[in-house]
Amino acid sequence: MTLTRKASGYWTNFSRFALDFVYPPKCSLCGSFGPQNPCLQCQGEMMPNTPAIAYETIDDLDFVGSVYRYPGRAGQAVRQLKYHRCTQLADFMAECIRNAIDTEGLEYDLAVPIPIHWLRLVSRGFNQADLLSRGVERRSTALRRVRSTKPQAGLSTSDRLRNLEGAFEVVSEVSGKSILLIDDVVTSGQTARECAKVLRNAGAREVGVLAFSGDVYQ
Ligand SMILES: [Zn+2]
């Protein structure tokens, strides 16, 4: 048994070595070769939001937060992950979310990644918010997207609101709970606000959102 496990370990290491030789690991943002993705240079070019969290009530949202500003490398990371399937970036991005939760001392009962519709899940292969909430404690799939929506970008404010109406439903007990929504990007916060509305209607006590990137402080 031990021998089999050892042999399997050697084979895995050899396979990784061979893959690295044929396809050397490189940064998904600038293309430079190296083991870290994104590379340290690109990580350093991301612009942190200061402060990361704005404790202002916006409709049903108690706070809005994002780790980095969207312009530049952070926005590029979001687009590379979502539209070019560079899922290797997700480890770093999820770590940023976990660090922000610790640094900001966020207290919550459930961490809920904002869901995408199953049709989009099938075409994309993953929900980016799910990947970014990896390793976050008390993660929950309390929300489901029941209606497919158009991308929010490019829509007018009223069309954005109409687009999201009835898009989400609560599928587990949230009564009296404090909910931390997690997403890849927050701009106008309308998606998070719609989620907060249905969570509040289901009895949630407090709802906030933390995203990897956002423009909320400009
Ligand atoms: Zn780079």
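Because only heavy atoms are used, hydrogens play no part in the values below, and waters and symmetry mates are left out as well, while side chains stay in. When a ligand or atom number is given, it counts from 1 through the structure's own listing order.
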Check: Any ion pair linking Arg200 and Asp62 (charged N to carboxylate O, less than 4.0 Å)?
Finding: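 Yes, charged N to carboxylate O under 4.0 Å.
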Notebook entry, point to check: Does a side-chain N-to-carboxylate-O contact under 4.0 Å join Lys82 and Asp184?
Noted result: yes
Check: Counting only protein N/O/S, how many atoms fall short of 2.8 Å from the Zn ion (ligand 1)?
Finding: 4
Margin query: Nearest 0.5 Å, please: how far is CD1 in Ile182 from CD1 in Ile101?
Written below: 4.5 Å
Note to self: Does the structure place the NZ or CZ of Arg144 under 6.0 Å from the centre of the six-membered ring of Phe168, at an angle of no more than 45° from the ring's axis?
What the structure shows: no
Item checked: Test side chain to side chain contact (heavy atoms under 4.5 Å, CB included) applied to Arg98 - qualifying residues, sequence neighbours left out ->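 Expected list: Ala94, Glu95, Val136.
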Margin query: Tell me whether the count of non-hydrogen atoms from other residues, nucleotides or ligands lying under 6.0 Å of CD in Glu137 goes above 12.
Written below: no
